[in-house]
J.: 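Could you have a look at this structure, given as structure tokens, before my questions?
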Amino acid sequence: QVELSESGGGLVQAGDSLSLSCLYYGSTFSRYVMGWFRQAPGKQRELVAAITPGSSTQYADSVKGRSTITRDNANYMVYLRMNSLKPEDTAVYYCAARDLARGEYDYWGQGTQVTVSS
């Protein structure tokens with residue numbers, strides 16, 4: 001069984017930076033692709049960034065160039081660093097995990113609120 005726990009959300013000003021953390025509880029962390037998703041009020045959940053066990057990364061166009069996803073395989077942690085935050089980055093951010101062999105994310109954290117004021 002896998003459990004995910006996010007932290008690091010909060011209220012920030014436009015232009016600020018923020019780091020989110022996700023702690024993975026379970027075994028075989030190195031088999032999982034880890035992703036950060038977000039969902040704003042009235043909008044669909046979207047993938048913000050993902051990182052494979054080998055640390056290949058992908059980013060949504062909306063955050064590319066100002067966000068970095070990293071993972072610490074020794075400590076079962078995933079991080080999302082976001083710079084130059086915009087009000088449209090306001091959302092609940094979720095950490096998620098999927099087995100490398102699967103296309104669906106199977107495990108989700110409870111989410112952490114990020115609010116960017118203008």
J.: Is there a donor-acceptor contact under 3.5 Å linking the side chains of T90 and E88?
T.: no

J.: Could you tell me the separation between the OG1 atom of T52 and the CZ atom of R71, rounded to the nearest 0.5 Å?
T.: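 One gets 7.0 Å once the value is rounded to the nearest 0.5 Å.
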
J.: To the closest 0.5 Å, what do you measure between CD1 (I51) and CD (Q58)?
T.: 11.0 Å

J.: For the side chain of Q44 and the backbone of Q39, is there at least one donor-acceptor N/O pair under 3.5 Å apart?
T.: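 Pair absent, no side-chain N/O of Q44 close to backbone of Q39.
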
J.: Does the distance from a Lys or Arg side-chain N to an Asp or Glu carboxylate O, for D61 and K64, drop under 4.0 Å?
T.: yes

J.: Looking only at the aromatic ring of each residue, does the gap between the centers of Y76 and Y25 stay below 6.0 angstrom?
T.: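 No; Y76 has its ring centre 6.0 Å or more from that of Y25.
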
J.: With no hydrogens and no angle check, just 3.5 Å: does a side-chain donor-acceptor pair link R81 and S19?
T.: yes

J.: Please report the interatomic distance OG(S27) to CD(Q1), rounded to the nearest 0.5 Å.
T.: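 CD of Q1 is found 10.0 Å from OG of S27.
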
J.: May I ask you to decide if the ring planes of F37 and Y105 are parallel, tilted or perpendicular, using 30° and 60° as cut-offs?
T.: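 Taking Y105 first and then F37, their aromatic rings stand perpendicular (interplane angle over 60°).
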
J.: Within a reach of under 6.0 Å around CD of E3, are more than 12 heavy atoms found that belong to other residues, nucleotides or ligands?
T.: no

J.: Between S30 and N73, does any side-chain donor sit less than 3.5 Å from a side-chain acceptor?
T.: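 N73 and S30 do not have a side-chain donor-acceptor pair below 3.5 Å.
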
J.: Answer yes or no: is there an ion pair linking D106 with R98, defined by an N-O contact shorter than 4.0 Å?
T.: no

J.: Check this for me: does any side-chain nitrogen of one of D89 and R66 sit under 4.0 Å from a carboxylate oxygen of the other?
T.: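 The answer is yes: the pair qualifies as a salt bridge.
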
J.: Measure the OG-CH2 distance between S67 and W36 for me, rounded to the nearest 0.5 Å.
T.: 11.5 Å

J.: So, N75 side chain and M77 main chain: donor-acceptor pair closer than 3.5 Å or not?
T.: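 Absent.
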
J.: Once you round to the nearest 0.5 Å, how far does CE of M34 lie from SG of C95?
T.: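 Here the rounded value is 4.0 Å.
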
J.: Knowing that exactly one of V12, L11, L80, N83 qualifies, which makes a side-chain contact (heavy atoms from CB on, under 4.5 Å) with L18?
T.: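 Output: one option passes, namely V12.
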
